[in-house]
Protein chains: 2
Amino acid sequence: MTDLQPAVKAGKRERLVDAAVQVFYERGVEKTTIADIAKVADVPVGNVYYYFKTKDQLIEAAVEAHRRRLGHLLEELDRLGAPQERLRGLIAGWVDLRDQAAQFGCPFGTLASEMDKRPDVLDAEIAATMRVLVDWSQRQFAEMGREDAAELGVALIAAYQGISLLTNTFRDPSLMKVEGDRLARWIDSLAA
Amino acid sequence: MTDLQPAVKAGKRERLVDAAVQVFYERGVEKTTIADIAKVADVPVGNVYYYFKTKDQLIEAAVEAHRRRLGHLLEELDRLGAPQERLRGLIAGWVDLRDQAAQFGCPFGTLASEMDKRPDVLDAEIAATMRVLVDWSQRQFAEMGREDAAELGVALIAAYQGISLLTNTFRDPSLMKVEGDRLARWIDSLAA
DNA sequence: GTCTATACCACGATAGAC
DNA sequence: GTCTATCGTGGTATAGAC
């Protein structure tokens, strides 16, 4: 927050956010208690409230963490040469995490879905984070010379969110693999 | 359950299930209280427990209701002539409900997503219901002569689940419309 | 800044009168 | 079968000692 915080404080706060991201993902936000997060972060329960006054603030911090993580991933992908390669790189990352998806779904999509039902948390933060991903995809399609880049970007992210849900519902990681291969072929077929 | 129940009893039970389906959808399962459902169904709170001993039983009844509703929808679509027409009919239904999707997401997808986080409820029921939809889609693609019907059926339902999530996250019904049109064109392009 | 003990409340579920 | 009143549990949040 402000400058020059003692290292210990920064460490605890960070551990709490990391724990929140993890436990929200695995157990769901509604079923997660502050005590669950405190335990994983190895911080006494009451002390959590020194860093986050409410559970909602912890959720917001978790969303922020997702946004940062996503930003870094896309920076990595931007180093790849052609837009097709970057898109295929994104898909490859999804397929790599297919076992996780089968267990818990998409780390951010499940959060977005749950947060829609929680009116007090700012949807704006969730939507903005999802938009980072959609915008990036649309930019790649545009660089490929596609006039319909806008709808293709949406379609790609939707395909991922949807196959994450099905992979999770059927607990079958191979669904993600098959769909990833199909999407990669589709992208190659779109080259202008 | 057993035969020859008085009409009044059947009426109340049915009202409770209808209310559960509606409120679970709009407010989310975790945030919904028995009192919420009782109120919408116009049944006194304590009386709910005469029909359903636990909240989980109410959830199971709601899933069952989704399965029945889905079964009827697919029967309707089966009356249409060609498999392409049936698939386009399915998509048209999704697009018609785009405003609802923007508000609350896919009625069944959001439930499936939430139930993954609730270990006590039988996933089997959820997966079986989703499978009805996937199987039906795969059958249509197979009738169109596609060898890859299995992956196309999964891809179609995933596309719908994903665009429902994005439509909801961005609160923008037009996303569903644009993706629906794209999917319809895609299906036509697949005709053997 | 750290941690324990606890206030307070909401919800699921039950007891028992009618 | 119907309904009211209430219990018990568990979770968020706080008070206040250290």
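In what follows, chains are A, B, ... by sequence order, proteins preceding strands, each numbered from 1.
- Using modelled atom types and a 3.5 Å distance limit, the side chains of B:Tyr25 and B:Gln100 yield a donor-acceptor pair.
- Using modelled atom types, one finds a donor on one side chain and an acceptor on the other under 3.5 Å when comparing B:Asp172 with B:Ser174.
- Taking atom CG of B:Leu58 as the reference point, atom C1' of C:dA13 lies 13 Å away to the nearest angstrom.
- When rounded to the nearest whole Å, the span between NZ of A:Lys55 and P of D:dT14 equals 15 Å.
- Spacing between atom CG of A:Asp36 and atom P of D:dG10 amounts to 13 Å, rounded to whole angstrom units.
- A salt bridge is defined here as a Lys NZ or Arg NE, NH1 or NH2 lying under 4.0 Å from an Asp or Glu carboxylate O, and A:Glu125 with A:Arg67 meets this definition.
- Among the nucleotides D:dC3, D:dT14, C:dC3, the one closest to the side chain of A:Tyr49 is D:dT14.
- OP1 and OP2 of D:dG10 both lie 4.0 Å or more from every side-chain N or O belonging to A:Lys31.
- Dashed line: the shortest gap from a side-chain N or O of B:Tyr50 to OP1 or OP2 of D:dG1 is under 4.0 Å.
- The nearest whole Å value for the distance from the CG atom in A:Asn47 to the P atom in D:dG16 is 18 Å.
- For A:Tyr51, the side-chain atoms get nearest to C:dT2 when compared with the rest of D:dT2, C:dT2, D:dG11.
- Checked against D:dG11, D:dC3, D:dA13, the side chain of A:Thr33 finds its nearest nucleotide in D:dG11.
- C:dT14 atom C1' lies 15 Å from atom CD of B:Gln57, rounded to whole Å.
- The CG atom of B:Leu16 sits 14 Å away from the P atom of D:dG1 (whole-angstrom rounding).
- Distance alone, capped at 3.5 Å, places no donor-acceptor pair between the A:Lys39 side chain and the A:Ile34 backbone.
- Atom CD of B:Glu30 is separated from atom P of D:dT12 by 13 Å (rounded to the nearest Å).
- Look at CD1 on A:Ile34: it is 11 Å from P on D:dT14, rounded to the nearest Å.
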